[in-house]
Structures are given as structure tokens and as C-alpha cells.
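The model shown is predicted, which means the values in this text are computed figures rather than measured ones. Each chain gets a letter, A, B and so on, in the order its sequence line appears, and its residues count up from 1.
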Amino acid sequence: MRKGVIDLIRGPVVIGSGVPDIQLGEVVEVGEERLLGEVVEVERERFIVQVYESTSGVKPGEPIYPTGKRLVAELGPGLLSSIFDGLERPLKTLYELSGPFIGRGLRVNALDRHRKWHFRPLVKRGEEVSGGDVIGLVQETSVIEHRVMVPPDLRGRVAEVWEGDFTVEDVVAVIERGERRYELRLMQEWPVRLPRPYREKLPPEVPLITGQRVIDTFFPVAKGGAVCIPGGFGTGKTMTLHKISMRSDADVVIYVGCGERGNEMSELLTEFPRLTDPRTGRPLMERSILIANTSNMPVLAREASVYLGITIAEYYRDQGYNVLMIADSSSRWAEAIREVATRLEEMPVEEGFPAYLPDRLAELYERAGRVVALGRPEREGSATVIAAVSPPGGDFNEPVTVHTLRFVGAMWALDPELAYRRHFPAINWLKSFSQYAAAVEKWWEEKFPGFSKYRRRALRLLTVASEIEAIANIVGEGMLPDDQRLILLASEVLREGYLRQVALEGEDFFCRPEKQYLMLKTMMDFYDKAYMLIRHGVPVDELVALREVYELMRVKEDERGLEAVKEAAARLNEALEKLAEKHGVKLGGSSG
Amino acid sequence: MVEIPPQLLNRWQGKIYRGVREIKGSLMVIDGIEPVGYEEIVRIMSADGVERLGRVLEAGRGFAIVQVLGEEEGLEATNVYVHFTGSTFKIKVSEDVLGRIFNGRYEPIDGLPPILSGEERDVNGSPINPYARVYPHEFIQTGISIIDVMFSLIRGQKLPIFSQSGLPHDAIAAQIARQATIPGEEEEFAIVFGGVGLRSTEAEYFIEEFRRSGALERSVVVLNLASDPPVERLLTPRIALTIAEYLAFDLNMHVLVILIDMTNYCEALREMSTARGEVPGRGGYPGYMYSDLASIYERAGIVKGRSGSITIMPILTMPGGDLRPPIPDTTGYITEGQIILSTELNAKGIYPPVDVLPSLSRLMRSGVGAGKTREDHKAVADQLYDAYARGVKARDLASIVGEVGLSQRMRRYLKFADAFEEKFINQDAYEERSIDESLDLAWEVLSLIPEDELVRIPRSLISKYHPKYRRGASREH
Ligand SMILES: Nc1ncnc2c1ncn2[C@@H]1O[C@H](COP(=O)(O)OP(=O)(O)OP(=O)(O)O)[C@@H](O)[C@H]1O
Ligand SMILES: [Mg+2]
């Protein structure tokens, strides 16, 4: 038996020796309490372990037990509806074992070994199968059908396959290849640091609908995209991510709470079983997996938690689902990487971060994507990654934000000024960007012709308005010409009536694409008509005084949804027509 | 082994080493020893007979690096006795801690004997399992209008006060400790007070306050004075929270923990980090300050199966009132909101001088409203915030263009802001207002604004609570 010994303990880093064939990345159990760790460096005589639990009280001379395995995720039915820590230990089981506080050295399986699942084969004896082929189905929750796949590196002929009720460890099929026989189970393992293979990567094309207007309309995320949401404390990262995790149109959502607050995870745990997914009518929990490594839990397990999350995301992607992985906050993950680097006395380059920080970030975001999965039947899936970034002092000019921006396709830049004004989501429309806007344009145009034109014009109007506002702050709004004051009015309509979306429940919690389109169209049409009026000498004050304009700003919350928008639009039109009549102006159809 | 002073042999059970290889600042390298545990507590006696504590920072084969807790002056490598205690820093807790005063090493400083029996607990505690948490949802009435109405404190929350020297955070903390109740519940909060690097006058103020209000019997005071060793500042909040956890989760009490001044804690953390020769992070503070502070603040909360709770109110001073430097910034990233005090309001004589616009209680929405406080609470808070923000903007503008340059409407908001500060925020340090009184007062000042402009409040609530409709009507609600 291989067994090593602890030579030195320095915080979460342990130096050991006595295992000549120890492998980089091998999982070891450290000390009498068998704390879980992973080998991060191998030298001639000794090796270095990062330990995922507190090492308080551990002594040199205590044993180290190598496991011969890499850090793997258990993948199989039963993942959905669970809450795990960063090492894929179900927190519910830990609670049953050690009460409200997490003890040390607890070893529990990720997947329940007793629960039985009904397995329905899709392949027959004698059939040739290879990596990624779906051999059968398990109804994992009422909304997700678990597609049991041949592990990626395997192929052969089906020698046996059974229908029936099985635990995740039972053999459900046997594959033969020459002399060798491989047993397939409902569960498989995959090393978390290794991306899962696919046949082909496809460019993202379809938007992930979040129901947040500022995101879907202006800075969309595509299914398979990677987005970061940076912002100082209290600017609304978590709230935005919570909302997206609840209502976006992903099939499976994996929420990684990484180095953040325990109460925030508890909130999700309370809400997910209670809230239903309007698309399926079932509790959100049935499509969700929570991974919680809160700020008070061992720091290095944070590092593992993000890899665990993305591995599970890839696994459901390979089954053909659109998966969303959320990480709050990637900065805490980066800090865990820094912590190890510091303990290993590696050369820091920027703010203590090691030179390989950008590589780690790149590797993570590279695992997002829309793909054609391996195997038959042919299927497409996607893994979308949205990560919060918590820059110190709210200053985006720091290593994690700067490097993250190199690898993501969109940024939702949170703005403390907007947050102070309680304008949420506090996504700054001048500083944010999305490269996916062009990719998803076709999707929008097909459904809502003219959408992209409205979108571009609205963005331009907001930009121009901010310039005019800067002037207004010096000379006073009253000094501005009427056409500029109209721009300010129209931008207020957009800001208050469109971009601001603070509801935590009710109608405006989620805004459907058709409503987004109709609202945007109504607001831009208003601007066009009002502009015509002003060009013909109607004083802007008469527009500012229109009650219907303010109604338009509030229509988002009207429970009657689309109908209410149509009515508000009609009433506003009527009011504008009246003004036109009064001043003898002829309003044509909406202009371009 | 060389001659060991006999008194040590009695006090220290087990192996005693004499002499160490090297002492560098507060770090001590000891070799020729049997294996010791990481973070194990070490007893150190110098030639002058003073006993200090130390903690193992690095445990190797036959050697250990120990950080001396306490004054390192007077330690000589050749003439020092060292004893490894075999365990991490643990304290004994029992019901007897109530009414007691300890220093940052958990030694009594109230002339009474130490706590010798009870449960032994590691001061670092263990992380609460997120699955075991109960989401905080109960409103705590502090009797302070601005806090209760706009930045409600919720049982199980961690809500800091960001202050500056010269501002009355002590008075506010004492007032909250005195007045905090759950409306409709008999039971009072137990107070655990952790003073970190306090001046002795400040410490005396609090003890006197607790004594006078009768709170001392249900309080525990852990006091690290400015003159005490900085390293003990790192232990003080942990001792306080270990006691709090015992009271809350063993004895099922509701505990309010006040930690003041956490800026001193962070500075001690920086000092220790520098002494260890660690790579400094922003502002010289160590990169792990976030996780370190989180290991303290995340001990707030409510857990399944226990009926007690821990609410933490840390107080910290920010030089210059700037939120961006590492201490307030890191704190804000961990806590569930912040109450910020303003020098400007203080100068106007407003107490408590709460800077409304940047303050926030993130858990408020779960604890207020119909069935909890009053149905109009959320809407009133939103409307107050919005109107006050307009008022402040008007005030800023007036300082440039003069009040005459303001529109009629702007002038009204300006007037509102003044009334809001003087009538609503302002109250006496000994005045306790019920949430009903506070909300009624809020309506009083809101009535300065035309009814049509109260857009954040549903019509039905306006017609029920607006003074215009209640005047003459009967007094009940
Ligand atoms: N979309 C929103 N709608 C309504 N209120 C919001 C929204 N986003 C944020 N808020 C308000 O702002 C507060 C802070 O938001 P949140 O907790 O999401 O900040 P954060 O950026 O995650 O901060 P931290 O970095 O400290 O975790 C919330 O408690 C809530 O009051
Ligand atoms: Mg957050």
C-alpha cells in the first residue's frame, strides 16, 4: 500500500514525502482525520498538497494516503435538486451527520447509493456503440430526462442491456470489445479539471432569455456564451444572478456560490422549491443544482467548486441540454488560487496573483460553448457561463476584471451611481458590451421585424442623452433647445420605463421578448412622433406635461402585460394626435 | 532538560523546552521538538517571568515557527521557556459567562474567578453549513426611526456601522443594545460586546451604559484595550463569537454581538502579516483579509433546529469617510448592508447622523411589511428614499444657482429634505420610538409632498395612512 508522511504544514498547504510514484493532481487523504487534498506539485523527494479542509491541529509525522484518483465529479441521476459543497459532498447529508456546523474529514458520496431509478434502454443487444451514445433514459426529475451516455473514451458492441430499477452503482449494460468487457452504470466519473470532449463547437446564435430588458435587448447573452458582471459591493451582482437563475430559459441551472454569503445560498434553497418554472409549471429545484462554498468554508475548496460546476454543466450539455452555470463570485475563486500561490511562495506578478491567473480564467471560460455532442442520436447542447466579478474598491482596473474581459463575450458593468439611485439592474448602458448582440440579431429579427433597428436607435439616443445631460448640469435644462430637451425626455422614458426593472415579484420580475419588443417600439415611436411635433413648433413643455408619457413609464408593472402596453401606446398616440391637431401639424406613420 | 523554574512545572503540564533557535520580531523558530499541531497554542515564559501565548504558524519535522501573541520585547532566544499545549485556542463557556468581563485572552478583568467548567470550544468555530441556515426574516425594533423604517435590522443579520472618529457611533451602539426588541416578544437580547483596541474611556462608557440600563446581567464583555497587545485583537472577536454561539445555539438565546472598532482589528491583521513577511495586498493588508473577516461575520445567522440567533453589528471607523479603501470595502463585500454616518448631518446637530443615500439593509425586504411590521412599511421606505434623494439633489443645485433658481417642485423637495432630517431622522439618544410611531412620523413628513407625487405608494395605502385622511378619524389603525 502506498502511504506517505507529512513533513510540514503551512496553512492549507502541506508538504509530504514517501510516495515515489505520486502523481500531479492525485487526490490524497491527509493526516489521521483523512482530510481531503490534492497534489499540486511534485518534486524529486517530496510533493505538495493543497488541503480542502481546515488543517488546524494536524501534525508533521501523520500519514498521507494517496487514493490513486484525480479530483473527479460523480455524474449521474440525482444531481438535480441537490446542494453540494465544492467537493460535491451533499450538504444535506453533512447536516445529518454533523449538525448545523460542518465537521472535518467527513466523506460522503455525491450520489445516493440506495435510491433506485427506472432505466429504459434505447439500444439493443448486438448494437455497436461508441463514446457519447445515449444507451437509455432515466426520468431524473419531472422536467429533465437523464440521458445515460457511453463514457467518451469507450466503444464496442452491446453484450447485455437491461431495463429495470437500478441504483447508480448497478450495472445496466455491458459492452464488449474484443476480449474486454466494460460494465456501464447510471453513474460515471470525470476529472473536474479536464474539459469534457464534444464533436464540434458551434457559434452561439440563440439568446438566453433572462427576462431582464437591459440584458436581453441591449447586452444579450447567447446560449453557450460567457459573460462577466463586475461591480463593487452592493451594486447588484447577486440579485441579478439570482433573478437569472430563477427565470432564464435554460433547461438546467447550476448555481455556484463561491466564497460569498451563507444567507444568499439559504435564500435560493428556500426559494427554488417554492417558485415554479412557468415553462414547465414545476418547482425550479427540479432543474437546478446548487454548489455552495461560502466565504467561511475552507478557502481552497472554492477553487474546486468552480471546476465542479462547469463539469456538471458540460455533462448535461452533452446530454443535449442548454445549461447555465452561474458563479458568484469568480473573484473569490481567483483569491483562492492566489492563496495557494502565496503559500507555495510562487512569484507574484500583479496584486499578489500568480502569472498563471489569466490561463486559469481562459481555461474556465473556454469551457462555455454551444456544441454538437459526441455520439448518437445527434444532439446539440450548450453551456453558458455567467460570473460575477468583485473588484476591490469597485475599480475595474485590477487583474481579475482585466483578464476576465479578455475571455468573455459580454460584460454587464455595474455602476454604483445607478445603484445609489436605486436604478436596478444597475447595468451601465454606456460601459457594458455584448459581442453576442450581432449573433442573436437574426433570432430577434425573425420574430420581431425591425427589432434591431429600434435597439440601435435606442442605444444611440441614450448615448446622446448622456452628453446633453452633461451640458444641462452646467447651464440648466431650461437653457437647452427643445429638440435636446425632447431627447432628455425620451431617454427618461427609456431609463425609468424600460431599463429600470426592480420588481422582485409580480409582472415586471420577468419581461417576455414580445413585451420587450412592443415596449421598445412604443417608446421609440413616441420619440419619432414627438420629434415631428417639435420640428413643427410644438413646445416641448406640452409633451413634458402629458400624463400619458408617465403612464408609459409605469406600464411595465401592469399585470395585464402586453394588453396594457398596447393600451398605453394607443392612449399616448391619441394624446399626440390631439397635440398635432391643436398646432395644425400632420403626423404621418412612424418614421425611420 | 535544564532546570525549569518549579512554578512552571506546576502550571504547565507536559514537556517544557528551554531556549529557541531564533527570535525575529514576533516570530520564533523552535527546533529539536516533538511534532506539534498547526495552529497549536504555545505558552512562552521569558526571563522576566512574563507569560505570553503563541501560535504555531508552520509545523515541520522537529521544528515549528511560532507567532508570539503579545509583547515580544524582552524575549531572549537562549533564556525562554516554551510549552506546547497540544491544542488550538479553546475556551470554556457556560451560562456563567453572562454578566462577566474578560480581556482578549479570556481572562476575567472584573475581579471574579475565571470560567473553569463548561463546554470547551475552539475560538475559530466551525463553518455553518449553508443547508442548515434559516433565512433571516424577523424585524428587530431598535427604536431608532431612521434604522427601523429605512434600514431595518433583521434577526441573524450582519449589519455594520461605518463611522468616523468624532461621530456618535458609541451612543448609537449603546442605544441599540439598550432598546433592541422583537415587537410582540418578551425576551430581551443577550448582548455580547467585543471591544477591539478601545480607549479605556470608551470601554468604561459602554460598561457604565450597560450597568445603568440593567443590560449588564444579560451581557458579556470581551475587552481588548488600545494598550493591550495588538495580536490579541485578532482573538477578541473570535472569543466574543464563540460565546455568542454558545448562548445562541446551546442555550437558544437571541444574541446581539457588537464589535467595535473593527478597523483596529484589520490593522492588527496587517501588522501580523507584515511581521510574518507575507506578500502585502492592497494598502498593505493581506490578501486573505476577505476570508479572515468572513470567518468572523459569517458566524451571524439562524440555524435549523435551534431557536436562538446571532445578529452582528460591527462598527468601524473610516479615515476621511471614504468607502473605497480596503477596510470598509472588504467589509461591505461581506456584510448584509451598511449604515453610514455623516459628518455633515452631525455638524447640523442631527442625531443619529445617518447618511441615508449610501446606506442599505439588504435583508430588510424579508422582514418588513404586512404581518411583520406594517403593510405600508416598504412603500413608505421607498418613497422616503426617493423624495429625500430629490431633496438632496435640489439642495446641491441650490448651492450653485441659489434657492430662487429652483423650480416650485424642487423647492418643495428641498423643504421635505430639511423636515425629514430634523423631524424624522433626528431623535434623542434615549428616545425609543415604536415602529408604528416611526411610520406615522414618516407620513407626517411625506405629507409635505403633493399626494399625486407619492408614486411609490399604492393609492389604497395613501387613503389609509396619509394624515389628511386620518385626521379627525379615530386614532386606531
Ligand atoms: N435587480 C434588483 N432589483 C431590486 N433591488 C436590487 C436589485 N439588484 C440589487 N438590488 C438591491 O441592492 C442590494 C445589493 O444587491 P446585491 O446583494 O445583489 O449586491 P452585490 O453586487 O452582489 O454585492 P456584494 O458584492 O457585496 O455581494 C440588494 O439587497 C437590493 O436591495
Ligand atoms: Mg453578491
Side-chain angles (χ1 to χ4, degrees), chain A residues 6-11 15 54-62 83 85 90-92 94-95 98-104 232-234 257 259 261-263 265-267 269-270 292 294-299 332 335 338-339 342 348 351-352 390 392-395 420-422 476 504 550 554, chain B residues 35-40 57-61 87-88 122 124-136 156 249 278-279 281-282 287-288 290-291 294-295 298-299 301 303-306 324-326 329-330 332-334 336-338 357-358 360 362-363 365 382 385-386 389 401 405 455:
Chain A
I6 300 176
D7 291 327
L8 184 86
I9 303 125
R10 188 191 291 150
I15 299 179
S54 158
T55 52
S56 210
V58 176
K59 291 179 177 169
E62 288 187 32
I83 172 165
D85 74 355
L91 287 170
K92 184 163 183 275
L94 293 187
Y95 172 66
S98 73
F101 299 93
I102 301 180
R104 282 201 308 190
F233 70 79
R261 302 171 184 83
N263 278 335
M265 293 315 289
S266 148
E267 186 176 16
L269 271 176
T270 334
T294 53
S295 56
N296 55 336
M297 287 160 77
V299 175
R332 308 300 167 216
E335 282 167 21
R338 175 172 68 188
E339 181 77 17
T342 312
E351 303 206 1
S390 316
D395 176 4
Y420 275 9
R421 298 210 303 258
R422 302 290 197 257
L504 301 175
Y550 301 92
R554 249 175 286 164
Chain B
V36 296
Y38 173 66
E39 290 196 322
E40 184 171 326
L57 277 190
E58 201 171 304
R61 296 260 223 164
S87 85
T88 50
D122 187 323
N124 291 314
S126 296
I128 297 182
N129 183 338
Y131 177 82
R133 281 186 189 268
V134 174
Y135 193 68
F249 303 133
E278 291 169 344
V279 186
R282 272 203 332 148
Y288 52 76
Y290 173 84
S291 299
S295 75
E298 279 290 315
R299 290 169 86 168
V303 300
K304 287 181 186 156
R306 315 286 161 93
R324 282 165 308 175
D329 183 58
T330 309
Y333 268 123
I334 299 166
E336 287 149 343
Q338 65 280 335
L357 300 185
L360 172 73
R362 300 197 197 189
L363 300 187
R365 70 198 135 86
D382 273 357
Y385 190 92
D386 186 75
V401 298
V455 292

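- Of the two parts of Q338(B), only the side chain, counted from C-beta on, holds a non-hydrogen atom closer than 4.5 Å to a non-hydrogen atom of chain A.
- Ranked by non-hydrogen atom pairs under 4.5 Å with chain A, the options E336(B), K304(B), R282(B) are led by R282(B).
- V36(B) touches chain A through its backbone: at least one of N, CA, C or O sits under 4.5 Å from a heavy atom, while the side chain does not.
- Contact tally against chain B (heavy-atom pairs below 4.5 Å) for G352(A), S56(A), P348(A): the top residue is S56(A).
- In terms of heavy-atom pairs under 4.5 Å with chain A, the best-connected choice from P358(B), S295(B), G301(B) is P358(B).
- Considering only heavy-atom pairs separated by less than 4.5 Å from chain B, the leading option among G61(A), G257(A), P298(A), G232(A) is G232(A).
- For R61(B), the parts sitting under 4.5 Å from any heavy atom of chain A are the backbone and the side chain alike.
- There is no contact between A389(B) and chain A, counting heavy-atom distances below 4.5 Å.
- The side-chain heavy atoms of R422(A) and L360(B), taken from C-beta on, include a pair separated by under 4.5 Å.
- Smallest separation of non-hydrogen atoms from P60(A) and P35(B): O-CB, 3.4 Å.
- Of the atoms belonging to R299(B), not a single heavy atom falls under 4.5 Å from chain A.
- Both the backbone and the side chain of Y333(B) come within contact range of chain A, judged by heavy atoms closer than 4.5 Å.
- The greatest number of non-hydrogen atom pairs below 4.5 Å with chain A, out of P136(B), G156(B), P325(B), is found for P136(B).
- Note on I83(A), L94(A), V58(A), D85(A): by heavy-atom pairs under 4.5 Å with chain B, the leading option is V58(A).
- For I128(B), the parts lying near chain A are the backbone and the side chain together; criterion is any non-hydrogen pair under 4.5 Å.
- When all heavy atoms are compared, the tightest approach of A132(B) to P100(A) is CB-CA, 3.6 Å.
- The residue among S98(A), G99(A), G234(A) with the most heavy atom pairs within less than 4.5 Å of chain B is G234(A).
- Among all heavy-atom pairs drawn from F101(A) and F249(B), the shortest one is CZ-CD1, 3.7 Å.
- In this structure, the portion of L504(A) lying under 4.5 Å from any heavy atom of chain B is its side chain and not its backbone.
- Looking at L363(B), only its side chain comes within 4.5 Å of chain A, counting heavy atoms on both sides.
- With a 4.5 Å cut-off on non-hydrogen atoms, T55(A) touches chain B through its backbone and its side chain both.
- The contact between E58(B) and chain A is made by backbone and side chain atoms together, counting heavy-atom distances below 4.5 Å.
- Checked options L269(A), N296(A), N263(A), L91(A); the residue passing with P130(B) is L91(A) (criterion: side-chain contact (heavy atoms from CB on, under 4.5 Å)).
- Contact of V455(B) with chain A is made through the side chain alone, with heavy-atom distances under 4.5 Å.
- Here CG of N129(B) is found 6.5 Å from CE of M297(A). Values are rounded to the nearest 0.5 Å.
- The choice from E267(A), R332(A), R421(A) that makes the most heavy-atom pairs within less than 4.5 Å of chain B is R332(A).
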